[in-house]
Trainee: 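Handing you this structure, nothing more for now.
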Amino acid sequence: MAPRYPVEDLYKHNDYIKMVQIKKQMSLQQQRIFDTVLASIQEMKKVGLIDEIISEGELVLDFHIFREQMLKGASIKKINRSELKKAMETMVDIKFSYQTDDEVGAFVIFQKARINFEDNKVYLTFGKDFRTENLLPTANYTALSLTYLNSFSSQYGRLLYQYFKMLIGKDINKPFRTDITLDIDFLHKLLGINQNEHTNYINNNSLFISRVINPAILQINETTDLVARIEPIKRGRKISHIQFFFPPKDELLSKQKEDDQPVHPSKENLLFVPSFSIFKEFRDWLLKYMIGKQLVIGPQGYLSHVVISLSSKGYLHNDTNDTDLSPDDAMLMWTWLFENQERIGQINLSEDDIKLLNLKNKRFMIHDHEKDMEEKVIIKEVKKSEANPQYLFVELINDNGEIRQIDNFFTYNMLHNVKEI
DNA sequence: ACCTAGCTTGCTTGAGAACC
DNA sequence: GGTTCTCAAGCAAGCTAGGT
């Protein structure tokens, strides 16, 4: 039996270089949209939609996933129709030209690209000559990180970063490797440098390093999760190899550890929001100071990861599905925001925190044993009981303004399931 | 000690991205 | 839609250190 890993490793590199040859001919925008396609494929694989991807030379992507990937790390926060149209145009503009001893030529990669808003799918028809296996195996191994990729302005930075990520593998906490020594010839191939187009870089290794490698490393350090550096290795007076080091940034690793635990907002992190008793003043204040900012996460009636922001036009905006709230929903949301002013600006709440906070201001009937009668109460305060985190500490207020504190009795489910009146 | 391949630096230009 | 900015790349003169 043939040794498995070295062979795969070789394919991996060969495929990568093939891919680079293609990418190198693209403009930055084309690279971005092409990577979006790859990232969408990966994401669909991750969520188990892979079987539907390819049919008869056509790639079918989920539009929501595609749009989500497009937005990752991009400066824009919202994608409108004209941008989607531009993306489709960019896609069919991607060409690959080649040159052999016998001939020169060019072909398109995508012959047709369209988004159907009825079935929410992106249909990409491959050009006749494009071999999809050049594209699709990549989805298996290259852990694309569009968040960082889209912030690159340098094409060499993009390419080198993707190569590092390929070597690191899926889990940045358990990198497969974080250094490698490459000879200059291989680097030329890796970055798509060739004799015809880049005579200077082929003939002058130092120029190649100072104009290609160094700026790329600089940008990787500036924008990504890696801290990269190089060590040129000389043979005689000529630089023959470059040693690369690319461990993950420390703060990223420690941040990852923190992420495992629920995040509790600290006072320092919260922005100051004065409290208002008049709705109009409240609304005016938000419109004056919070335009374009995130307002709340997981408000009542929404999933706990949904972030509501205030758009530049002053509309309430659901960042998760990227739509403005309908007038009816917006009305409800404004009311809710007014009643829950302390939630504004608290974006780093954990799911647990949100669930508890969303119980606040809930009205329900409670049976008063002393008076032996049903009474209407509103939840004013709710937090985990200090004695026993399974239970809650709850502060209730009735119509007469009487406050009652109940500790160690209610559970989250009890309060959640009780019928609102 | 001298020569020169390879390194370094500065200036320039065009393309295309970003900005207003 | 026009202007400004940035990136990639060319050209060339001067320098340096490894080779002879």
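Just the heavy atoms: all of them, side chains too, but no hydrogens, waters or symmetry mates, feed the values below. These numbers come from a predicted model, not from an experiment. In the text below, chain A, chain B and the rest are named by the order of the sequence lines, each starting its count at 1.
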Trainee: Given C:dC11, is OP1 or OP2 found less than 4.0 Å from the side-chain N or O atoms of A:Tyr201?
Mentor: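 No, no such contact exists.
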Trainee: Just wondering, more than 12 heavy atoms not from A:Lys189 lying within 6.0 Å of its NZ?
Mentor: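 No - once you tally the heavy atoms of other residues, nucleotides and ligands closer than 6.0 Å, there are 12 at most.
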Trainee: Do the ring planes of A:Phe186 and A:Tyr163 sit parallel (below 30°), tilted (30 to 60°) or perpendicular (above 60°)?
Mentor: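 Plane angle between 30° and 60°, so tilted.
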Trainee: If you only use heavy atoms from C-beta on, which nucleotide in B:dT9, C:dA9, C:dA8 is closest to the side chain of A:Tyr156?
Mentor: C:dA9
Trainee: Roughly how many Å is it from CZ in A:Arg235 to C1' in B:dA5, rounded to a whole number?
Mentor: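 Distance, rounded to whole Å: 16 Å.
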Trainee: Whole angstrom is fine here: how far is it from CD1 in A:Ile202 over to P in B:dG6?
Mentor: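 For the pair A:Ile202 CD1 and B:dG6 P, the rounded distance is 14 Å.
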Trainee: Please determine whether ring-ring contact (aromatic ring centres under 6.0 Å, His included) holds for the pair A:Phe410 and A:Tyr391, giving the CA-CA distance in whole Å, both sets of side-chain angles, and the decisive distance to 0.1 Å.
Mentor: CA-CA 6 Å; A:Phe410 289 111; A:Tyr391 290 89; 9.8 Å; no
Trainee: Is atom CD of A:Glu89 surrounded by more than 12 heavy atoms (other residues, nucleotides or ligands) closer than 6.0 Å?
Mentor: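 Yes - once you tally the heavy atoms of other residues, nucleotides and ligands closer than 6.0 Å, there are more than 12.
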Trainee: Between A:Tyr161 and A:Phe246, does a ring-ring contact (aromatic ring centres under 6.0 Å, His included) hold up when you go through it step by step?
Mentor: CA-CA 9 Å; A:Tyr161 175 67; A:Phe246 42 91; 9.9 Å; no
Trainee: Take the protein atom NZ of A:Lys24 and the nucleotide atom C1' of C:dA8, then report the distance between them rounded to whole Å.
Mentor: 9 Å
Trainee: Distance check needed: C:dA9 C1' versus A:Asn203 CG, whole Å only.
Mentor: 14 Å
Trainee: Can you tell me which nucleotide in C:dC7, C:dA9, B:dT8 comes closest to the side chain of A:Ser153?
Mentor: C:dC7
Trainee: Can you measure A:Ile193 atom CD1 to C:dC7 atom C1' for me and round it to whole angstrom units?
Mentor: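 Taking CD1 of A:Ile193 and C1' of C:dC7, I get 13 Å after rounding.
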Trainee: Go through the steps for A:Phe208 and A:His198 under the test ring-ring contact (aromatic ring centres under 6.0 Å, His included), then give the verdict.
Mentor: CA-CA 9 Å; A:Phe208 169 67; A:His198 315 91; 9.3 Å; no
Trainee: Identify whether any heavy atom of A:Ile239 sits under 4.0 Å from a base atom; if not, whether one sits that close to sugar-phosphate; answer base, sugar-phosphate or nothing.
Mentor: sugar-phosphate
Trainee: Dump the pairs, protein N or O against N or O of nucleotides 11-17 of chain B, anything under 3.5 Å, distances to one decimal.
Mentor:
from	atom 1	to	atom 2	distance (Å)
B:dA17	OP1	A:Leu28	N	3.4

Trainee: Is A:Ser206 near enough to B:dT8 that one of its side-chain N or O atoms lies under 4.0 angstrom from OP1 or OP2?
Mentor: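 Yes, A:Ser206 has a side-chain N/O under 4.0 Å of OP1/OP2 on B:dT8.
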Trainee: Record whether the side chain of A:Arg237 comes under 3.5 Å of the base of B:dG6 through a donor-acceptor pair of N or O atoms.
Mentor: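 There is none.
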Trainee: Quickly work out the A:Asn214 CG to C:dC7 C1' distance and round it to whole Å.
Mentor: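 Rounded to whole Å, this separation is 15 Å.
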Trainee: Calculate the interatomic distance between A:Asn205 atom CG and B:dT9 atom C1'; express it in whole Å.
Mentor: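 Atom-to-atom, A:Asn205 to B:dT9, this comes out as 17 Å.
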Trainee: Before giving the answer on side chain to side chain contact (heavy atoms under 4.5 Å, CB included), spell out for A:Val37 and A:Gln69 the whole-Å C-alpha distance, their side-chain angles and the decisive distance to 0.1 Å.
Mentor: CA-CA 8 Å; A:Val37 172; A:Gln69 299 301 323; over 6 Å; no
Trainee: Report the distance from atom CG of A:Asn200 to atom C1' of B:dT8, rounded to the nearest whole Å.
Mentor: 13 Å
Trainee: So, does A:Asn204 get its side chain near the phosphate of B:dG6, meaning an N or O under 4.0 Å from OP1 or OP2?
Mentor: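 Answer no for this pair, as no side-chain N or O of A:Asn204 is under 4.0 Å from OP1 or OP2.
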